[in-house]
Visitor: 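Shown below is the structure under consideration.
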Amino acid sequence: VYARMVGMCASDARIAPMALVGLANAQLNLKDFEAAAKAATQVLDDDNFKGHPARLDAMLVMGKYYENSGQVDKAVAMYDPVLRSNRPGVSVEASFHLGMLAFKRNDFKAALPFFARLLLESSPLAEEALFRSGVCQAKLAEAETDPAKKAADVELARRSLEGYSKRYGENGKFLGEARDILKSLPAPPPPQ
């Protein structure tokens, strides 16, 4: 459908960018990253599409393309302006991907603010962001040497993971992992 729209509306600067982005996202879902990048690049390179809202969507597609091909710096360069746009939907998704890039580099402190942006969202990515926030806090606690800071990080990890369990219940995709991490956390200090 999107390919037909692109063919029919190629010269329409209002519709063509949206059709190209739709095509690019469909190709991402099919794991055809090269074709997705080609469609997104058309949106980004065409001067007729400057200022069109679909450019942010195309940048998000290119970020995913670069992320998938291991080009982290280029992925960040694409995600950053999308995040800064604060446009609902795409900025939230860019935040999640930036958080995951930091998470995969074991930079848990850098990942936390990106995941925090999603915690109050109704995005499908919010579930994983809440879980990953708890994991980040647990990893920070694990590495902390100052006993007071370690206790604070453990408490934050516990709250995040318990919050995840309450919010998503038995349907949570990461419930088993969340419970395992909760069990591994040091016991809370006795009330005074």
Side-chain angles (χ1 to χ4, degrees), residues 25 28-29 31 56-57 59-192:
N25 278 312
L28 278 180
N29 289 335
K31 306 287 188 230
L56 289 173
D57 297 274
M59 293 175 86
L60 188 61
V61 168
M62 289 306 296
K64 293 175 188 178
Y65 167 76
Y66 289 131
E67 183 178 350
N68 182 67
S69 62
Q71 299 177 65
V72 174
D73 291 341
K74 287 183 176 182
V76 169
M78 287 290 137
Y79 290 142
D80 187 57
V82 178
L83 172 74
R84 292 175 191 278
S85 76
N86 285 320
R87 192 178 107 203
V90 291
S91 66
V92 167
E93 192 170 347
S95 187
F96 176 80
H97 284 282
L98 287 164
M100 286 304 294
L101 287 171
F103 186 88
K104 289 174 184 172
R105 288 190 323 266
N106 295 326
D107 190 348
F108 304 112
K109 192 171 189 174
L112 274 170
F114 293 116
F115 292 141
R117 274 188 76 142
L118 282 87
L119 298 183
L120 299 176
E121 295 288 330
S122 60
S123 164
L125 300 172
E127 177 182 358
E128 186 168 355
L130 180 54
F131 169 71
R132 298 282 175 205
S133 292
V135 173
C136 287
Q137 291 293 351
K139 294 289 187 181
L140 290 171
E142 202 175 277
E144 185 57 62
T145 55
D146 179 292
K149 289 181 182 177
K150 185 178 194 83
D153 284 340
V154 166
E155 185 55 28
L156 287 170
R158 187 180 322 287
R159 284 186 194 165
S160 291
L161 294 167
E162 286 174 350
Y164 171 83
S165 298
K166 287 177 187 167
R167 184 170 176 183
Y168 294 99
E170 294 301 317
N171 296 322
K173 287 191 257 180
F174 306 98
L175 186 61
E177 291 175 79
R179 287 179 176 163
D180 290 344
I181 295 168
L182 276 166
K183 287 179 192 172
S184 73
L185 292 174
Q192 296 181 7

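Note that this is a predicted model, so its numbers are computed, not measured. Residue numbers start at 1 and run along the sequence shown.
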Visitor: What pair of heavy atoms forms the shortest contact from Q71 to S69, and how long is it?
Guide: NE2-OG, 2.9 Å

Visitor: Give a yes or no on whether the backbone of A129 and the side-chain of S133 come within a donor-acceptor separation of less than 3.5 Å.
Guide: yes

Visitor: With no hydrogens and no angle check, do the side chains of Y79 and E93 hold a donor and an acceptor under 3.5 Å apart?
Guide: no

Visitor: Indicate yes or no: at least one non-hydrogen side-chain atom of M100 is less than 4.5 angstrom from one of E128.
Guide: yes

Visitor: Under a 4.5 Å cut-off applied to non-hydrogen side-chain atoms, are R117 and S91 in contact?
Guide: yes

Visitor: Heavy atoms, side chains only, cut-off 4.5 Å: are L130 and R167 in contact?
Guide: yes

Visitor: Is any side-chain heavy atom of F114 closer than 4.5 Å to one of L101?
Guide: no

Visitor: For the backbone of A77 and the side chain of Y66, can you confirm whether one donor and one acceptor N or O come within less than 3.5 Å of each other?
Guide: no

Visitor: Using 30° and 60° as the class boundaries, would you call the ring planes of F103 and F108 parallel, tilted or perpendicular?
Guide: perpendicular

Visitor: Flag this pair as yes if the NZ/CZ of R132 is under 6.0 angstrom from the six-membered ring centre of F115 and inside a 45 degree cone about the axis; otherwise no.
Guide: no

Visitor: Would you say the side chain of K64 lies within less than 4.5 Å of the side chain of H97, judging by non-hydrogen atoms?
Guide: yes

Visitor: Is there a donor-acceptor pair closer than 3.5 Å between any side-chain N or O of E144 and the backbone N or O of D146?
Guide: yes

Visitor: Decide, yes or no, whether a salt bridge links R159 with E155 under the criterion of side-chain N to carboxylate O below 4.0 Å.
Guide: yes

Visitor: So, do V135 and F131 sit near enough that their side-chain heavy atoms are less than 4.5 Å apart?
Guide: yes

Visitor: A quick test of your reading: do over 12 heavy atoms of other residues, nucleotides or ligands sit less than 6.0 Å from NZ of K150?
Guide: yes

